[in-house]
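For reference, the structure discussed in these notes is given below.
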Amino acid sequence: ALTEADKQNIRGIWKTVFENAEENGRTIVIRLFEKYPETKVYFKNFKNISTMEEMQKNEQIRIHGLRVMNSLNQVIQNIDNLNEVYSILTHLAKRHQYVHRVDVHNFKLIFGVIIKILKEALGATFTEEICTSWQKMLSFTYDYLVSCYH
Ligand code: HEM
């Protein structure tokens, strides 16, 4: 389980990151597509989008980036209320499984991307200890999403 120290490590970093939700969300989604181009297949009308410029101004990317940030924000805001977190994640899993047809392992990919981007963006502020707390939270989240998939 997450300790009080973990929660503080997560909230402290999140506050800075969420202030710039649109830009950081976009960065995460673009990096996912660059690093794992196969993840693009889930998004409609994406076949012809590949250059950085096209991705930067793509509305679907902007919106999914914001949605990712807002859902993570909901989870982090409710980190002391596990029932609420589980209900948010159950909904997220169901939508991605049954509506968007996204295989669950893609969440592992995006969580890896998130850690990488936090490291790059925050440098020394993102200490080993803080990084471990984030990895713990994202791996609990991933395990729970897996348990929601059928
Ligand atoms: C839509 C959140 C990861 C693919 C959505 C929506 C939300 C969301 C809130 C729209 C609302 C809904 O339909 O219920 C997240 C979060 C993620 C995540 C929080 C991880 C932190 C992924 C990944 C993929 C993906 C890894 C695929 C590789 C999609 C697609 C849609 C969608 C295809 C439909 C959007 C559209 O048609 O433009 N996501 N998502 N998501 N998500 Fe995700």
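Ligands are counted one by one from 1 in listed order, and the atoms in each one are counted from 1 as well.
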Q | Near ligand 1, at a heavy-atom separation below 4.0 Å: residues by chain and residue number | A | Thr39, Tyr42, Phe43, Gln60, His64, Arg67, Val68, Ser71, Leu92, Arg95, His96, His100, Val102, Asn106, Phe107, Ile110, Phe111
Q. Per the side-chain hydrogen bond (donor to acceptor under 3.5 Å, both in side chains) rule, which among Thr141, Asp6, Thr3 passes with Lys136?
A. Asp6
Q) Between Thr51 and Glu54, do the side chains contain an N or O donor and an N or O acceptor separated by less than 3.5 Å? A) yes
(Q) For Asp103 and Tyr42, which I'm curious about, is there any donor-acceptor pair between the side chains at under 3.5 Å? (A) no
**Q.** Listed partners of His100 passing ring pair (Phe, Tyr, Trp, His ring centres under 6.0 Å), at least two apart
**A.** His96
**Q.** Contacts of Glu19 that satisfy salt bridge (charged side-chain N to carboxylate O under 4.0 Å, His left out) - sequence neighbours left out
**A.** Lys15
**Q.** Those residues that, when tested against Tyr144, pass ring pair (Phe, Tyr, Trp, His ring centres under 6.0 Å) (two or more places apart)
**A.** Tyr86
